[in-house]
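Within every chain, numbering begins at 1; the chains are lettered A, B, ... in the order of the sequence lines, protein sequences first and strands thereafter.
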Amino acid sequence: MALTETAPRLRSARTEPPSGARRRDDSRLCRTRTQRILLAVAFVAIVAFPLSVDSAFLISLTGTIGVFALAALGLNILSGYAGQISLAQSIFVGVGAFAGVGLGGLAELPLLVWLPGSFVAGGLAAALVAPLTLRLKGVFQIVLSLALIFVGHYVFVNLPALTGGNGGISATPSLSLGFIDFGELTVAGMRYSYEQGLFILIWLVLAASMIAVVNMHRTRFGRALVAVREAETAAEIAGINAARIKVLAFILAGAFGGLAGGLLMAQLRYVQAEQFGINMGLELLIIVVVGGLGTTWGPVLGAAVISSIPVLATQYAEYIPFLQADFSQDGGIGIPVGQVGLLIYGLALVLVMVFEPRGLSHLLGAAGRSLVRLAGRSRTVPDPVPAPPTRADDRAHQGEKA
Amino acid sequence: MMLRVEALTLSFGGVRALNEVGFEVREGEFFGILGPNGAGKTSLFNCLSGLVKPAGSVTVEGTELLGRRPHEIAELGVARTFQNLGLFGSMSVTENILVGGHRQISGGALSAALRWPRTFRSERQARARADGLVDLLGLGAYRDATVDTLPYGIRKRVEIAKAVASGPKLLLLDEPVAGMNHEETDQFVDFVLELKDRMGLTIVMIEHDVPMVMRISDRILALDFGEVIGVGTPEEIRHNERFISAYLGAPTGAGTTAEPQLQGGTR
Amino acid sequence: MTNLIQLTVSGLSLGILYALVAIGFAVLLKATGHFNMFPGALVLLGAYLTYQFHVLWSLNFVLAVALAAIVCAALGLAGERLLFSRLGGKGHRSIEHLSVLLVSLGLISLAQAAVVSIWGPLNYLIEDPWGLSLVRLGGVAIAVRDIWALGLSLALLAVFYLVIQHTRVGVGMRAVASDPEAARAQGVNPHVISATAWAMCSAASVLAGMMLATEMGGGLVPNLDQIAFSALPALILGGLSSLPGCVYGGLALGLVQTYAAGYAPESMGQGFASMLPWVVMILLLVVKPGGFAKTLETRKA
Amino acid sequence: MSEAKAAAQPRTDRAGTELLAVDRLSVSYSGGSIVALEDVGLTVHEGEIVALLGVNGAGKTTLLRAISGLLGMHGGTVKGGSIRYAGRDITGAPSWKRVAAGISISLEGRRIFADLSVADNLRAGGYTRPRAQTARTMEEIYGLFPVLGKKRELAAGLLSGGEQQMLAVGRALMQGPRLLLLDEPSLGLAPLIVAQIMQMVTQINERGCSVLLIEQNVSTALPVADYAYVLESRRVAHHGPAAALMADDRLRDLYLGSAGEPVAVPREKVLP
Amino acid sequence: GNTVSPEGAANEGPKELVSVPGFDAATKTITVGSMVPVSGIWAPAATNIVGSEAYFHRATQPGGPLEGFTVKVKNVDTEYNPSVAVPLYSSLKNDVLMFTNVLGTAINKALLPQLKADDMLAVPASSDQKLLTEPNLLPFGPFYGIYHTAALDYMANDEGKKDAVYCVLAEDSDFGAEVVESFEYATEKLGLTTGATVRYPNTLQDFTPQISKLKSAGCEVVDLGGVGAVVQNAAVRAVQLDFQADWIAGNTAYNASLATGAAADYIKDNVRFLVTGTEWGDDSAPGQVQMEEDIAALDPSAKPMANSYQTGYMAAKTTTAVLERAIADGDLSREHLLEVAASLGTVDDLGLAGGTFTYGASPAERRSGSSMSIFTVDSSSPTGLKLKKYGYESTVAAEYNESVAAK
Ligand SMILES: Nc1ncnc2c1ncn2[C@@H]1O[C@H](COP(=O)(O)OP(=O)(O)OP(=O)(O)O)[C@@H](O)[C@H]1O
Ligand SMILES: Nc1ncnc2c1ncn2[C@@H]1O[C@H](COP(=O)(O)OP(=O)(O)OP(=O)(O)O)[C@@H](O)[C@H]1O
Ligand SMILES: [Mg+2]
Ligand SMILES: [Mg+2]
């Protein structure tokens, strides 16, 4: 009786691959040629999209989506990969935004200074608070993150020179890199508006960040993060410095949050402490979860859905039944349009968590794969995303598990 | 001397889990640990791997371990398995083994983000090593399977592969064959002996399967109530009165079969 | 001196409401092992339902509150059966926690939306029986509503304490929280446990919501659920799942906040008083990461 | 031994009335994609100790989950067949009703309540009984496993692996069961304690409790059992009186690992 | 005509208007945007939509300044959240001619950079003094400081409290800061004795500490700079602590439940509300009667409301004044709307918004009137507010108006 036969019907679908064509290399960015082509197409699309759509609304919305995706990308490192729940990502977005105000707005420094400045500021702020969260778990961590929001808000409103206090502050940062200015971009004779140029900047930054995060996730650092999440003691025994890894995850999350804050500031050209409160913190966490915890595309998909719903609902209220576009005190039965965002957040969360806790990313991946299968390709398609946390089929041996 | 433990004492609020424990393990040795439940065997391993803070001294090839954090001890080439498994449930078998090989891979977050060639070369090498281990342990069919979905016996093998992947010089195994049947136990013995030879490992193993321990150990440490009640060759331990009464509950005849005497003990 | 006593009274009456809300969390944490924010929604809905029953349908006040508590318990139980109980077993334990947290936050969103859709965004008064009646002791004036708040809360707590310590339900709750399957294997009926837990949680939350919606409490506003967040330091100060701990935590929180508002100098900056409890909590967590609860050591291997 | 290879239907020439009767039971996991049991039949008579044997993954734990009503917690469902207990059909009954009716379970992998004290673990074990009765049983268990008595206020998660296993068995006894289901109670226990537990099994059996004992370690289970079933890839492959199974050379070869004949491990010469 | 412009432009209809975004020349339909917080704690203020629609209805009726045109108002819900408002603005900006009724200081500030970039004109429903001279904004009515300086003047001179101790209780916000600034100005000008300046976080419900401070400072008149349910919450604690003082509060602090609660007696006796215009059903202000008619014509069941309808009504009237001029000029381009806004002259407030607003020839010359009305709560009045004095003209307020505008 060979060892491999001890679990007879368990994995009937999986057969031992022929020894030549085995094992995929997860550390590669693109595993197939198709993926490489798609990546190239994505970059072209980022540059071509703003010009091909004439709607200021769409540009503004997709810009916002990009910014939120970037902040969520950071949070995903912390919550998705490292398993640390934080509602306070908004604070680091705020830090980045106000750093951007200071560097890009007040000091009028160039893009190459203020945007990295936002990144660094977010990371520094995170480094400052990271040691606090190290020893905490579960509920304590959640509540601590809430505390950070309140303390952060206090700090923001009491630094009026930089933040404008409660009233907020306007800033018009430069989007120029010297040789190109995203604020007044001209490509092949076509002139881009400020918003269109900013869109390109946002999405290029997002794409670069995603690639960096994918690279990290698929190698030693990323594995260590997940290992610490799954079983901290076991990870330490394997030689992983859990404290260091967690602090690093926190700093990265903060830094990407800060980067997003800088871009948000450039987009709105006005920021206010109130914006970076619990609502944004929650929205970001919801984005990460609805998109798919610990997945590459989750933050983007989540942001695309979650950040656009309230705006779209208002925009198209008149076409949606049961919605009250106008408010007057007894305007008949209907849900005030502004409540739709809340309603949909609630519903989206509830639905995703109950039916597909692995998020949209997984749903889309599954749909995509079955499409490809339908198209008649017999070759197995590799998972487009790193394996998300799957169901624990057997929690039997958990007792005192490390 | 690979491992030297001296006057190791560990208490939990007045209760001494380990009391003045001392022993030595020579390089290349297969060292067994036997003792009743609650004798302090797992606690001893916890001391060796830095999970608790005992008094005394533990040195590996002359380097003091006490006071070091678990990951630092791992860096020194000490690897262990857990009695109740320490696997990363949502990761695949290969990834688990790669985590095990953490200390042999270079590169941090930044170099990975920037796709530093050296980092990725090291990654590829680690993957090749992991593949070798997968094959060695007959885990080929489960290479990319999520660990949580595997039967208990397979998981135990992954646990061992993970520990070995770090390329240790000292390997600590905590009840590696519990829950395996006789046949699997035999396979395990074969495998672990071969691994020891090939990698030049020193192995310390806790196990309640007395015949198996007697069969493969060069020397055995017997613990009871946190105290050493005997160290010696299997033959010596087999005839150690304190061990016999503490562990088997009755004086044994020459045979010492796996079958324990059915009359109740007095412990 | 009078001022100090007055502030103390005011801090205690605020604190006991924090304690009630924290207890709602703690009971669920004890019984399910998950941190569930839904009590925040029950605070909100409890107050509005009381308004509906008492003011709009002219029911007796006590009856209205009791009815609100029953409806809220039913809502909580429905949430548990339809949603929360289905979130288990879907992955790593920490993901389960996150699921419950987020779904409950999602439900708070839904509750908020529902309240504004049903009752509108204006401020109302629930026409509580206490109004502005006061008891004056020397220079100190104590609102009758505050006395009732304190008394009712303590009575409720005593009942909870008895239930948890002296009936099997207490052990059952902790067993279910620790390992749901093993608890079933002991014959624990999880439905009985969750029904008890939600009934207790709802009683505490609705009482808190009602007290907040009285005129002395600030009136009926659609963001009453915010108290759920404000009460969290109480939960942490008190050590998560111990009921007396919640009371100490709640009272401490109320006092810290009120004293800070009363005595902190202007130079401490805007919003100092409302931020201070969080700082106190952070400091505590740094010193004692498990809160003031008797901490159970955990074994690593 | 021909009767051992007979059809999966158990014989009826055993002493005592039927307490538990599993009939043509089929179970699957993950919405039917994994079949774990097919047409399994098994009976436990009043006053019997029945051993259930089988290699890793044979389906022993699954059968126990089906009997105790815990399949649902693992995404498993009964696809066919029935389970009768004390004359009543309990196939679809919730677990708490089964426990209340006298079925007590010690789960695979201990599953003690790690953050409850040892005493509270035992109290939870006696959940369905009045307090007065459980107090006595608790003292008996402390007598049986003195180490638990000494650590009654300690959090159960701090016990050693073996001590936890004792607690798990003790907790199952708190119920005062009529039918005791034990899933690998000897896992991680020193030989002495294994012997003690086996002795305890016979003792409570003598007091009238029937036992269904799952064991990997055949040599410990068969000596105390009256009757035994062997599961092999989802089905009952053999069954018969325990003594007869022990005497069967071929079975002994397969499950007792009598000889140390090494089995080839597939391996390539690749070294880490 | 309702609008008096310097040129006295006659109502002769458009000359050769061409279609631009937000204007369809074929159907003569004008689309304007409106951004209000329909949800959240600011939602009660969003009822000003009703007032706005009522005025546009009148303006497009025969004889109205926009006769022959149709005005469509696109209302969107900002949730009082800049991150929501900015994309919504972008979604509207290519479909609307201008914005009427952008509610909330924060939203106006958030939109300002965008408005500038797009040459868009907006009428803010916010009385923040910082918005006064922005070329892309066209405010109406007095700013918050005027309300509070007028109130202090009234208390000192009309109610004879010259020797009382004056204190201010203001929320921790820009709004609160404006109130404190005006309080300091007015008390100095009037030579009043001041006690304490007390702040509170705007989510506060238990005012015991604040009231204690006011009480121990011996305050006799308290200037309350807050919004929402603050009066209720402060009053119950004042009663509890037996703090007898006179309070003055602005329009932002009024809500309908004040007249009915247990603290209603205290509020009725002690609190004066400063609001522009007059009480519901009163004809002191010509605009009030007209507005009530207009609202009833649109929605007979509309509930009487204090303050918010007239805000919407005036926003629409101000918008109409711009449109009327631009139509007369035959140019509805954004640039031209901005030009018109910069030199609008005056707009008559019909007695609803503190007097005629003078826009002058450039944004720097903008001055609102400073005519205030003083109210007390009274449950017998339909809106809960009863008029105590209509059209109080404060010299200090007028001076303050000048001094702020001069800055
Ligand atoms: N929750 C589950 N989901 C899917 N498959 C499962 C689940 N639990 C068990 N299985 C599968 O069902 C089969 C029978 O498993 P079971 O646990 O009953 O075996 P067992 O005989 O108890 O093995 P062991 O001796 O290892 O405990 C195995 O192939 C196992 O992988
Ligand atoms: N953190 C702790 N607090 C209190 N007691 C502890 C703690 N950790 C271990 N112990 C006790 O120390 C003793 C030794 O435990 P240990 O786990 O080392 O035993 P073991 O020899 O491995 O036993 P087994 O064979 O049952 O696994 C046990 O009695 C256990 O209860
Ligand atoms: Mg052990
Ligand atoms: Mg099993």
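When every heavy atom of B:Gly89 is checked against every heavy atom of A:Glu230, the shortest pair comes out as N-OE1, 3.0 Å. The two residues A:Ala227 and B:Val99 come nearest to each other via the heavy atoms CB-CG1, 3.8 Å. Nearest heavy atoms, A:Ala238 versus B:His102: O-CB, 3.8 Å.
Interface residue A:Leu248: only side-chain heavy atoms are found under 4.5 Å from chain B. Neither the backbone nor the side chain of B:Ile73 comes within less than 4.5 Å of any heavy atom of chain A. Interface remark: A:Ala208 contributes no atoms to any contact with chain B (heavy atom separation under 4.5 Å). For a residue to count as touching a neighbouring chain, one of its non-hydrogen atoms must lie under 4.5 Å from one of that chain's; by this rule B:Ser49 touches chain A with backbone and side chain alike.
Between the side chains of A:Arg220 and B:Ser122, no donor-acceptor pair is found at a separation under 3.5 Å.
To the nearest 0.5 Å, the span separating NE2 on B:His71 from CD1 on A:Ile245 amounts to 10.0 Å. Here the CZ atom belonging to B:Phe82 is positioned 4.5 Å from the CD1 atom belonging to A:Ile237, to the nearest 0.5 angstrom.
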Next on the checklist: Apply side chain to side chain contact (heavy atoms under 4.5 Å, CB included) to residues B:Phe120 and A:Asn215 and explain how you reach the verdict.
Outcome noted: CA-CA 10 Å; B:Phe120 276 74; A:Asn215 284 339; 4.3 Å; yes
Next on the checklist: Evaluate B:Phe88 against A:Val226 for side chain to side chain contact (heavy atoms under 4.5 Å, CB included), listing each step before the verdict.
Outcome noted: CA-CA 8 Å; B:Phe88 312 111; A:Val226 178; 5.9 Å; no
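A:Arg223 has a carboxylate O that lies under 4.0 Å from a charged side-chain N of B:Glu123, or vice versa, which qualifies the two as a salt bridge.
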